[in-house]
Each structure stands twice: as structure tokens, then as C-alpha cells.
Amino acid sequence: MLEPQNDVVTHRQALLHKHVAAAIETVRDGSAQPAVRLAFEYLVLTAARSGEVRLATWDEIDTAGAVWTVPAARMRAKREHRVPLCGRAPEVLDAARALGDSNRPVFPMRSGRPIARWTFPKMLQYHEVAAVPHGFRSSFRDWAAEETVARGRILGP
């Protein structure tokens, strides 16, 4: 007999992948702090979780190798995760580097502190983007399944 299953799937509000570029433009042209706008775009480009992006540090970024290595301690699965950086992501990082020094988070608020947990959801709501930050992972997954030749499991749990 099977044991009761405790894994409850919670679907997050997401955009169709064809609307993601417009959402990025809306945020890019918006009134949020520069770090928040850049971090949001980086979140979408890397299909990362909000906390991974908000707490990213410069020592995790290999600009020469175009790889972001998120340490196991900050990953939900508690395993180091290497994220290849697409063509636009290094540009976002260059813009972020101009916002602060290498001792701060990659995307620092004016205070130098990391972006708060509630900032992305409030920003998306303010700009009337009908998605939550985590929903962009679903948008990426749908894009990969429909528009690429990727096979198998795209994103982890």
C-alpha cells in the first residue's frame, strides 16, 4: 500500500512565454530602483528563484566563463547549482557592477543591502504584470518545451 503523499503542487501565476519580453520591458521602463529592475531581468534570464538572485554575491559570478555558481547553502535542493549565462545576462551584470562595489550583493539597494523578499511581487503588481516572480520559471519551462529541442527535466524541484 502507498504511503500518503505530502508533495502538494502549488501553481504560481505565470505569463505565456510570448509575453515575457514585454514584462521585462515594462519593468525596465518602470520606476523601481535600478538594482531591482536589473535583478528582475536577471531572474527571468536565469530562470532562478527570487532568493537566489536577491542574495547573489560577486564571488559566485564567473564573468570570463559566463557561469553563475549558486552555493549549496542557498539552493532549495542544498546542492551547488551552475547557471550558464546567456548573451544578455553579462550585460545585466555589467550594469549592476556600476551600482556598487564588489563587497556588496550583485544587486544592492541604495542602502547597500540585498533586495527585500517582497520587492519583486510588489513591483510586478504595481506594473500590472500578471505573474509572480516564481511564475517566470514556469514561463521558461514552457518556452524550453515548446521552442527548443531540450529533452528531459528542465528545472529542479
Side-chain angles (χ1 to χ4, degrees), residues 6-58 60-61 68-79 81-101 103-148 150 153-157:
N6 293 330
D7 293 339
V8 177
V9 175
T10 304
H11 294 284
R12 310 297 171 108
Q13 191 173 6
L15 296 178
L16 296 173
H17 61 81
K18 66 183 178 181
H19 299 302
V20 170
I24 292 172
E25 284 298 318
T26 296
V27 169
R28 192 182 288 153
D29 295 339
S31 60
Q33 287 188 38
V36 174
R37 295 191 312 253
L38 291 168
F40 171 73
E41 186 170 358
Y42 191 76
L43 176 139
V44 174
L45 292 171
T46 59
R49 288 183 173 84
S50 170
E52 296 161 8
V53 171
R54 292 182 301 101
L55 302 175
T57 59
W58 286 109
E60 299 169 1
I61 309 291
W68 171 33
T69 304
V70 185
R74 288 200 304 106
M75 291 298 300
R76 183 175 170 201
K78 302 299 180 206
R79 289 187 314 231
H81 182 63
R82 294 173 48 86
V83 181
L85 301 176
C86 69
R88 172 71 182 140
E91 294 172 19
V92 170
L93 291 170
D94 287 343
R97 193 174 298 278
L99 298 177
D101 61 44
N103 295 324
R104 293 187 173 182
V106 173
F107 303 103
M109 296 297 285
R110 287 185 188 115
S111 66
R113 299 176 108 177
I115 296 168
R117 166 183 240 158
W118 51 265
T119 303
F120 289 146
K122 283 192 175 264
M123 178 196 62
L124 292 172
Q125 185 178 29
Y126 176 81
H127 290 298
E128 299 179 350
V129 175
V132 298
H134 199 80
F136 288 92
R137 290 171 55 85
S138 177
S139 299
F140 171 79
R141 185 182 188 117
D142 293 346
W143 169 81
E146 295 173 19
E147 304 293 332
T148 71
R153 190 169 165 176
I154 304 294
L155 298 175

Working for side-chain contact (heavy atoms from CB on, under 4.5 Å), residues Leu16 and Asp142: CA-CA 8 Å; Leu16 296 173; Asp142 293 346; 5.9 Å; no
Verdict with supporting geometry, Leu85 and Tyr42, side-chain contact (heavy atoms from CB on, under 4.5 Å): CA-CA 9 Å; Leu85 301 176; Tyr42 191 76; 3.5 Å; yes
Under 3.5 Å: donor-acceptor pair, side chain of Arg82, backbone of Thr69: no
side-chain contact (heavy atoms from CB on, under 4.5 Å) between Phe107 and Leu43, worked out: CA-CA 11 Å; Phe107 303 103; Leu43 176 139; over 6 Å; no
Thr46 side chain reached by Phe140 side chain, heavy atoms, under 4.5 Å: no
Approximate separation, where rounding is to 0.5 Å, of Glu52 CD and Arg76 CZ: 10.0 Å
Value rounded to 0.5 Å, distance of OG1 in Thr26 from CE in Met123: 10.0 Å
Lys78 to Ala73 - nearest heavy-atom pair and separation: NZ-O, 3.6 Å
Straight-line distance of Ser50 OG to His134 NE2, nearest 0.5 Å: 10.0 Å
Donor-acceptor contact below 3.5 Å, side chain Arg54 vs main chain Pro114: no
Taking every non-hydrogen atom, the tightest pair across Ile61 and Val106: CG1-CG2, 4.3 Å
Contact summary for Ala23 and Phe40, nearest pair of heavy atoms: O-CE2, 4.2 Å
Donor-acceptor pair, side chain of Glu41 and main chain of Arg28, under 3.5 angstrom: no
Gap separating the CZ atom of Arg49 from the CZ atom of Arg74, nearest 0.5 angstrom: 12.0 Å
Ala39 to Ile115 - nearest heavy-atom pair and separation: CB-CD1, 3.5 Å
Distance (rounded to the nearest 0.5 Å) between Leu124 CG and Lys122 NZ: 12.5 Å
Heavy-atom closest pair, residues Leu45 and Cys86: CD2-SG, 3.9 Å
Pair Phe120-Val27, side-chain contact (heavy atoms from CB on, under 4.5 Å): steps then yes or no: CA-CA 10 Å; Phe120 289 146; Val27 169; over 6 Å; no
Heavy-atom neighbours of Glu146 CD exceed 12 at 6.0 Å: yes
Whether over 12 other heavy atoms sit under 6.0 Å from Glu25 CD: yes
Atom pair CE/OG1 of Met109 and Thr119 - distance to nearest 0.5 Å: 5.0 Å
Atom of Ala35, atom of Pro108 and distance for their closest heavy-atom approach: CB-O, 2.9 Å
pair Val53-Trp68: side-chain heavy atoms closer than 4.5 Å: yes
